[in-house]
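In what follows, a single structure is set out as structure tokens and then discussed.
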Amino acid sequence: MQNRHLLFLAGVFSLAASTSITAESVADGPADVILAKDGRAALPIVAGEAAQPAEELRRYLNRIIGADGDFAFEVVPRAEHDRRRAAIFVGTFEEFPQLAVNDFASLGSEGFIVRPQAGSVFLLANRERGVSHAVMTLLKHLGCRWYFPGETWEVVPSRKNLRIALDVREVPSFPTQRRIWYGYGAYAQNKQEWEDWMRRNRMGAAVPISIGHAWAGLKSEADFKTHPEYFALVDGKRLPTKPCYSHPDVIARAIAAAKRRAEEGAGMISMTPPDGLGYCECDRCLKTAKVRETFQEHRSLFGKQPDGRLVNVTSETVFQFVNQVAAAVAEGHPRTLIGCYAYSAYSHPPSFDLHKNVYLQTTTAYRRTPLTLQQQLAAYGAKTEQLGIREYYSVYQWDWDYPDPGKLTPDALRRDLKFFHDHGVTAVNAEASCNWGPRGLGYYLAANLMWNVNAETDPLVRDFLRTAFGPAAPAMQRYFARWYGEEVAVLGDVEDLPAKATYRMKNTHNLRALIDAYADLDEAVHLTNNHPAERARVDQFRMYAHYLLLRYKLQLATEG
């Protein structure tokens, strides 16, 4: 299909979907605007309807300058402000038309502008999420950081005088979605800290993404008792493993369920099959796929159509089912999207185009197709207007929270995210774990690269080491280099840079690597004795190292 980046999301055409971060500067350079002087706010914050971003800006600016009472920044509603007076304007282009901006529609739902003008500063976007991104960009420019979730990893500088000349126009490299999520969820406090971290690092989505495994209007246990024909025929026997996606009653049930969800206001409705294998092989499904003889490959069912085209039977039936649901829903709700993975037994692209309202997410694992990921993305990109990636940054049963970062090294992240972006992907949905000890640096880098796929990682790592650990930065660089490799050695010449360790289950080198890591952390403790904020961060890594020691002892006990 042509124009696969055209996303009709949240009422805004995002024509910048294939664009990385951009910056526009005034020809002669923007003039400095004084925000605070001698610990006193110099400008009010004038807010539109986006109250939360304006309030967050107020709180952090006051923390930076250490002000309260009459000297503090305050938020003034737009209706109460004299438009002739300078201010920090926080809201939408519609609310603050005094800043003349061309082509602001191209910023989509999450792009924004930060611009000084006539003694004021404008933080404007089309939607509240874009306004929030503008606020976080300004705060980051002033020195605020949120490396990991939680107060321990928050950095707020102390400065009595604030002035800026920041003039930028930015859109995310992945405008549909940028998300890192915990596969096994989180407790309430962890969840709130994670949500705050996501917002402050400019993660998010243009619309809520709903693409999880679902039964599409069926109740597997109850319906199987009365209508076994609605379910998959596997090796000659009906089983409640999956629906029969070619059965007309199953399709009708799914359409009715999807229409109900659309009436309730759902922006996206998942038609992704239940997880696992066990897909239908009945004659109706083979007829739908236009194949007679089949064969198993990659534990999935393939066949050839009369013209010789190789097809996957499950992909043909699943995606025809998804297309029919999308077409039916679009009749009354043209903006409602139907979400579906390209995963497992339906990884292989179908022989036909997908409906324009189908949002597809290709997985990077469990790909039961002879195609490479590049070939798969190219094939799907030609068949759908909206293409995302379901990535795996951490799965507990795969990595056991050990310190090997896997796909989260700087080089791997730059390579993979650039590859996705260059192949038409507009969304990244990455499964992770609440394991910031082994993978936090990688998660932080991933968030930055999802916003700007062309960002340089060396400055990000250097800033992380120096700002998070202060005088212990060299010792912590050595610690991280043990797991991430020399890619994180960014502070200059390091004579004693360690070799990258491989830390896996039942690896005889684990104890030696752990002893060396303990030595790095002990040195970092000594160097941060008079730096409580930096010491608290080192201490969290010490707790993680203790976890590794306990895992090592558990391993010895089970082997003994």
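Note that this is a predicted model, so its numbers are computed, not measured. By convention here, the first residue in the shown sequence is residue 1.
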Apply the test ring-ring contact (aromatic ring centres under 6.0 Å, His included) to residues His213 and Tyr343: give CA-CA distance (whole Å), side-chain angles for both, the deciding distance (0.1 Å), then the verdict. CA-CA 11 Å; His213 300 288; Tyr343 165 73; 5.6 Å; yes
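- In this model, no donor atom of one side chain and acceptor atom of the other lie less than 3.5 Å apart for Ser120 and Gln117.
- Here the shortest heavy-atom pairing between Thr363 and Leu373 reads O-CD1, 4.2 Å.
- More than 12 heavy atoms of other shown residues, nucleotides or ligands fall within 6.0 angstrom of atom CD in Gln52.
- Contacts of Glu487 classified as side chain to side chain contact (heavy atoms under 4.5 Å, CB included), with partners at least two apart in sequence or in another chain: Thr409, Pro410, Asp411.
- The distance between the ring centers of Phe96 and Phe122 does not fall below 6.0 angstrom.
- At least one donor-acceptor pair closer than 3.5 Å links the side chain of His423 to the backbone N or O of Phe419.
- With no hydrogens or angles considered, no side-chain donor-acceptor pair links Ser433 and Arg439 at under 3.5 Å.
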Using salt bridge (Lys or Arg N to Asp or Glu O under 4.0 Å), reason through Glu49 and Arg78 one step at a time and then give a plain yes or no. CA-CA 9 Å; Glu49 294 298 320; Arg78 178 173 62 101; 5.4 Å; no
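- The aromatic rings of Trp398 and Tyr366 lie tilted to each other, with the angle between the two planes from 30° to 60°.
- Glu80 is linked by a side chain to side chain contact (heavy atoms under 4.5 Å, CB included) to Val76, Pro77, counting only residues two or more places apart in sequence or in another chain.
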Pairs of donor and acceptor atoms involving the side chains of residues 260-267, under 3.5 Å and at least two apart or interchain, shall be tabulated with distances.
| residue | atom | partner | partner atom | Å |
| --- | --- | --- | --- | --- |
| Glu263 | OE2 | His333 | NE2 | 3.1 |

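- One finds the OH atom of Tyr184 at 14.0 Å from the SG atom of Cys434 (value rounded to the nearest 0.5 Å).
- Asn429 contributes atom CG, which lies 10.0 Å from atom CD1 of Ile180 (distance to the nearest 0.5 angstrom).
- Side-chain atoms of His133 and Glu170 include no donor-acceptor pair closer than 3.5 Å.
- Asp68 places none of its side-chain heavy atoms less than 4.5 Å from the side chain of Asn62.
- Under 3.5 Å, the side chains of Arg202 and Thr137 contain a donor-acceptor pair of N or O atoms.
- Looking only at side-chain heavy atoms (C-beta outward), Pro116 and Ile164 stay at 4.5 Å or farther from each other.
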Show your working on side-chain contact (heavy atoms from CB on, under 4.5 Å) between Arg414 and Leu449 and close with a plain yes or no. CA-CA 7 Å; Arg414 285 198 310 268; Leu449 288 166; 4.1 Å; yes
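- Contact of the Thr176 side chain with the Tyr359 side chain is registered, since non-hydrogen atoms from C-beta on lie closer than 4.5 Å.
- Of the possible donor and acceptor atoms, none in the side chain of Asn357 sits under 3.5 Å from a partner among the backbone N and O of Ala326.
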Dump the intermediate steps for side-chain contact (heavy atoms from CB on, under 4.5 Å) on Ile113 and Val101, then the final yes or no. CA-CA 9 Å; Ile113 283 176; Val101 178; 3.3 Å; yes
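- Annotation: side chain of Ile34 is not in contact with side chain of Asp32 (no heavy-atom distance under 4.5 Å).
- Every ring pair (Phe, Tyr, Trp, His ring centres under 6.0 Å) that Phe148 has, sequence neighbours left out, goes to Trp153, Trp436, Phe464.
- Summarising the geometry of Ile65 relative to Gly39, their closest heavy-atom pair is CD1-O, 3.8 Å, with the distance given to 0.1 Å.
- Between the side chain of Gln361 and the main chain of Cys340, no donor-acceptor pair closer than 3.5 Å is present.
- Contact annotation: the side chain of Val428 approaches that of Phe174 to within less than 4.5 Å [non-hydrogen atoms, C-beta and beyond].
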Start with the C-alpha gap between Glu431 and Glu391, add the side-chain angles, then the distance that decides, and say whether side-chain contact (heavy atoms from CB on, under 4.5 Å) holds. CA-CA 6 Å; Glu431 181 175 351; Glu391 181 61 285; over 6 Å; no
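- Nearest heavy-atom pair, Val46 versus Ala87, reported as atom, atom and distance to 0.1 Å: CG2-CB, 3.5 Å.
- Of the possible polar contacts, none joining the Gln540 side chain to the Arg537 backbone as a donor-acceptor pair under 3.5 Å is found.
- At least one donor-acceptor pair closer than 3.5 Å links the side chain of Ser106 to the backbone N or O of Asp103.
- Taking OH of Tyr380 as the start and CG of Leu387 as the end, the distance is 9.5 Å to the nearest 0.5 Å.
- Across every non-hydrogen atom of Ser394 and Asp399, the tightest pair is OG-OD2, 2.8 Å.
- Open room surrounds CD on Glu151; 12 or fewer heavy atoms of other groups in view lie less than 6.0 Å from it.
- Counting only heavy atoms from C-beta outward, the side chains of Ile209 and Arg179 never approach each other to under 4.5 Å.
- The side chain to side chain contact (heavy atoms under 4.5 Å, CB included) check on Pro459 picks up Glu456, Arg462, with sequence neighbours excluded.
- Annotation: side chain of Lys160 is not in contact with side chain of Lys37 (no heavy-atom distance under 4.5 Å).
- Aromatic rings from Tyr396 and Tyr182 are positioned such that their centres are separated by 6.0 Å or more.
- The neighbour count for Asp70 CG, taken as heavy atoms of other residues, nucleotides or ligands under 6.0 Å away, does not exceed 12.
- Enclosure of atom CZ in Arg40 is not indicated, since only 12 or fewer non-hydrogen atoms of other residues, nucleotides or ligands lie within 6.0 angstrom.
- With hydrogens and angles ignored, the 3.5 Å screen pairs a side-chain donor or acceptor of Ser270 with a backbone N or O of Thr272.
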Go through the steps for Arg127 and Glu110 under the test side-chain contact (heavy atoms from CB on, under 4.5 Å), then give the verdict. CA-CA 7 Å; Arg127 296 289 184 268; Glu110 295 192 88; over 6 Å; no
Show, in sequence, the C-alpha distance, side-chain angles and deciding distance for Glu154 and Arg63, and conclude whether the salt bridge (Lys or Arg N to Asp or Glu O under 4.0 Å) test is met. CA-CA 12 Å; Glu154 181 177 75; Arg63 287 180 61 184; 2.8 Å; yes
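- Applying the ring pair (Phe, Tyr, Trp, His ring centres under 6.0 Å) definition to pairs two or more places apart or across chains, those involving residues 41-86 are Tyr60-Trp146, His81-Phe89.
- A donor-acceptor pair is defined here as one N or O able to donate and one able to accept, closer than 3.5 Å; no such pair exists between the side chain of Arg178 and the backbone of Ser173.
- In this structure, Ala254 and Met271 approach most closely via the heavy-atom pair O-CE, 4.0 Å.
- Residue Gln386 holds its CD atom at 11.0 Å from NE2 of His355, rounded to the nearest 0.5 Å.
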Stepwise ring-ring contact (aromatic ring centres under 6.0 Å, His included) test for Phe541 and Phe480: CA-CA 11 Å; Phe541 278 97; Phe480 281 104; 5.3 Å; yes
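- In terms of heavy-atom proximity, Gly111 sits nearest to Pro172 at N-CD, 4.3 Å.
- The structure places CG of Leu445 at 10.5 Å from CG of Asn201, a figure rounded to the nearest 0.5 Å.
- Atom CG in Leu123 sits 11.5 Å away from atom CZ in Arg115 (nearest 0.5 Å).
- Between Arg199 and Asp196, the closest side-chain pair of non-hydrogen atoms falls below 4.5 Å.
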